[in-house]
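First comes the structure, then the notes that go with it.
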Amino acid sequence: MSKKPSIVKGTRDFLPDVMAKRNYIFGTIKSVFEKYGFLPIETPSMETTETLMGKYGEEGDRLIFRILNSGDKLGKADAAALKEDNLAKFANSISDKALRYDLTVPFARFVVMNQNDLSFPFKRYQIQPVWRADRPQKGRYREFYQCDADVVGSDSLLYEVELVQIFDEALSNLGLTDFSIKINNRKILSGIAEVCGESEKIVPITVAIDKLDKIGKDGVVSELKERGISSAAIEKIDPLFQLNGSNQQKLDQLKDFLKESEVGLTGIEELEYVIEEATDLGLSQAKLEFEVTLARGLNYYTGAIFEVAANNVKIGSICGGGRYDDLTSLFGLDGMSGVGISFGADRIFDVMTELNLFPESALTATQVLFINFGEKEQKQSMIYAKELRSNGISCEVYPTDAKMKKQMKYANDRNIPFVVMIGSKELQEGRITFKNMVSGEQKEGDLKQLLTQFK
RNA sequence: GUGGUUGUAGCUCAGUUGGUUAGAGCGCCUGAUUGUGGUUCAGGAGGUCGUCGGUUCGAACCCGAUCUUCCACCCCA
């Protein structure tokens with residue numbers, strides 16, 4: 001007796017109908033990336049522990065899936081470390097590699113290793129799965145795909161503008177009509193900490209104000225206290241909660257708040273430029289919103305910070321991104337500024353499912369089914385099928401002369417829009433009968449007439 | 001990682017204070033219709049009640065463990 005099989009928590013099988021939709025998402029995003037001149041690369045699923053650990057903060061390290069050493073190597077386990085309760089050291093003695101946690105850090109490693117073969121600024125895109133040992137929830141998986149586009153080797157703000165355009169174009173092309181690209185700048189956050197006289201505590205400060213939406217002003221204030229921010233500093237932060245109006249109005253209010261901070265003002269200048277340029281060029285469906293509280297991925301972002309949220313869908317952010325000046329320096333290459341974005345394909349899938357945004361055309365693979373009436377008829381069908389295929393039309397011949405009802409049902413279940421019948425009568429007359437499965441309309445004719453249906 | 005929650009047919013779910021043979025709708029299969037799907041009608045198949053263990057004369061139901069789902073933290077696509 002074999003046990004019932006199962007799959008790992010937080011992972012999924014994808015059936016053909018789901019794959020069709022996923023490929024539609026990947027294809028749409030990919031074509032936008034390519035339109036902006038990004039080139040594809042891939043990196044291995046696993047990286048050395050050294051490459052990954054320490055790049056995402058303490059929380060991140062906990063969420064990295066580690067891969068157990070095999071064979072003799074496993075015998076070198078550091079039992080002493082285990083006894084001493086030094087789990088990190090013990091883990092390192094039995095595991096020297098791990099599954100990638102995102103695509104950005106492996107990309108930084110890739111750039112450093114391949115710098116002599118790349119010309120800069122280097123624009124790449126990468127669509128691959130990543131793994132996180134997180135506790136699954138809705139829209140939150142342990143294996144999911146990221147679609148990343150990054151530019152490395154230029155600090156031009158032109159790229160920030162381009163990436164905003166890419167967010168807008170890709171998501172609009174997918175049929176989303178109500179989403180917000182939220183934008184902030186790490187320099188503004190640094191400025192805020194500086195003005196408050198708590199430059200050291202920028203991380204706890206931003207982590208706390210990032211939650212404003214969720215826990216409200218009082219919640220943020222009490223969290224700031226808990227994190228050891230002085231009450232004088234908390235008072236100074238107060239004006240941030242009062243920001244209101246348009247993007248420009250908010251920036252103007254902030255300009256006053258940050259007038260003593262050079263970095264802060266630089267951040268505002270950068271943001272103003274990006275917002276102005278993107279607005280002038282025009283966005284299709286996206287709303288571009290400046291949000292001071294946005295503090296994603298603080299561990300390596302140094303300039304712009306992006307996040308995209310689908311409005312009216314209860315799911316976390318569907319995209320993220322930002323600029324990171326020092327990322328490759330972690331691997332020994334200085335002076336390489338990078339900026340990039342990431343689409344969360346699985347969450348976009350969930351949003352599109354909820355809003356019913358997949359077009360019928362994304363679900364149809366086979367265009368024509370030939371009904372099988374017997375040996376001779378099948379041979380003729382195969383000849384015609386070959387001709388249709390050479391015209392770029394996907395088609396298939398039913399494999400046996402099963403009952404017609406069964407064959408028709410097969411076409412119906414698979415959403416095949418046309419059925420061709422070549423029975424003894426058609427065979428004799430050298431003609432075909434074709435039926436439109438949507439309208440139910442049926443015609444007699446030849447293959448050319450069928451071909452006109454696809455023009 | 002912390003606290004909670006869920007699991008019964010392919011799917012969505014009923015199932016009484018523990019009591020004989022666990023139900024419904026949808027889907028699936030067959031036929032009405034030997035050259036016509038999506039509609040209709042008639043019939044049929046399909047369940048070690050997540051898994052393992054315990055309590056009991058007796059467990060889908062009570063207890064424990066474990067796996068899974070979802071939720072709130074944490075964090076994040």
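Here is the naming used below: chain letters follow the sequence lines, and residue numbers restart at 1 for every chain. The structure presented is a predicted model; accordingly, all values stated were derived computationally and were not measured.
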- Message: Aromatic contact between F373(A) and Y398(A), with the criterion being ring centroids under 6.0 Å apart: yes or no?
- Response: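 Not under 6.0 Å, so no.
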
- Message: In this structure, how many angstroms lie between the C1' atom of rG35(B) and the NZ atom of K435(A), rounded?
- Response: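 Going from NZ in K435(A) over to C1' in rG35(B) covers 11 Å.
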
- Task: Can you tell me the distance, in whole Å, between the CZ atom of R135(A) and the P atom of rU69(B)?
- Result: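 Taking atom P of rU69(B) as the reference, CZ of R135(A) is at 11 Å.
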
- Message: So, under a plain 3.5 Å distance rule, would you say the side chain of N412(A) forms a donor-acceptor pair with the base of rG37(B)?
- Response: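 Flag set: donor-acceptor pair detected.
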
Dump the pairs, protein N or O against N or O of nucleotides 5-9 of chain B, anything under 3.5 Å, distances to one decimal.
none

Base, sugar-phosphate alone, or nothing: which one does [X] contact when heavy atoms must sit under 4.0 Å apart?
X       : result
S424(A) : base
Q407(A) : nothing
V130(A) : nothing
E377(A) : nothing
G10(A)  : sugar-phosphate
Y141(A) : base
Q146(A) : sugar-phosphate
S317(A) : sugar-phosphate
G316(A) : nothing
G139(A) : base

- Contact letters for nucleotides 28-33 of chain B, in which S counts primed atoms plus P, OP1 and OP2 and B counts the base, heavy atoms under 4.0 Å: SS-SB-

- F38(A) and Y125(A): CA distance, side-chain angles, deciding distance, ring pair (Phe, Tyr, Trp, His ring centres under 6.0 Å) verdict: CA-CA 6 Å; F38(A) 288 78; Y125(A) 74 86; 7.7 Å; no

- Nucleotide forming a Watson-Crick or wobble pair with rC41(B), both distances under 3.5 Å: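 Checking every strand shown, rC41(B) finds its partner in rG31(B), with both distances under 3.5 Å.
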
- Task: Please give the nucleotide sitting opposite rG3(B) as a Watson-Crick or G-U wobble pair, both distances under 3.5 Å, or none.
- Result: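 Pairing partner: rC71(B).
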
- Message: Quick one, V274(A) with I183(A), criterion side chain to side chain contact (heavy atoms under 4.5 Å, CB included). Give me CA distance, side-chain angles, the key distance, then yes/no.
- Response: CA-CA 9 Å; V274(A) 175; I183(A) 181 168; 3.8 Å; yes

- Minimum side-chain heavy-atom gap L254(A)-F290(A) below 4.5 Å: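 The answer is yes; the side chains approach within 4.5 Å.
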
- Query: Looking at the side chain of K425(A), which of rC74(B), rG37(B), rG35(B) is the nearest nucleotide?
  - Reply: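 Comparing rC74(B), rG37(B), rG35(B) against the side chain of K425(A), the answer is rG35(B).
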
- Query: Which nucleotide in the set rA77(B), rU2(B), rC70(B) lies at the smallest distance from any side-chain heavy atom of K138(A)?
  - Reply: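 Minimum distance to the K138(A) side chain belongs to rC70(B).
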
- Task: Could you go through the ring pair (Phe, Tyr, Trp, His ring centres under 6.0 Å) check for F454(A) and F418(A) one step at a time?
- Result: CA-CA 10 Å; F454(A) 297 98; F418(A) 285 96; 5.3 Å; yes

- Task: Before accepting this row, confirm whether a basic side-chain N of the pair D102(A)/K55(A) lies closer than 4.0 Å to the acidic partner's carboxylate O.
- Result: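 No, no charged N to carboxylate O under 4.0 Å.
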
- Query: Is it true that the side chains of Q285(A) and T177(A) contain a donor and an acceptor less than 3.5 Å apart?
  - Reply: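 Side chains of Q285(A) and T177(A): no pair found under 3.5 Å.
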
- Query: Could you state the interatomic distance from CG (L427(A)) to CD (E429(A)), rounded to the nearest 0.5 Å?
  - Reply: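 L427(A) atom CG to E429(A) atom CD measures 10.0 Å (nearest 0.5 Å).
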
- Message: Taking 5.5 Å and 30° as the limits, would you call F144(A) and the base of rA77(B) a stacked pair?
- Response: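 Yes; by the centre-distance and plane-angle rule, F144(A) counts as stacking on rA77(B).
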
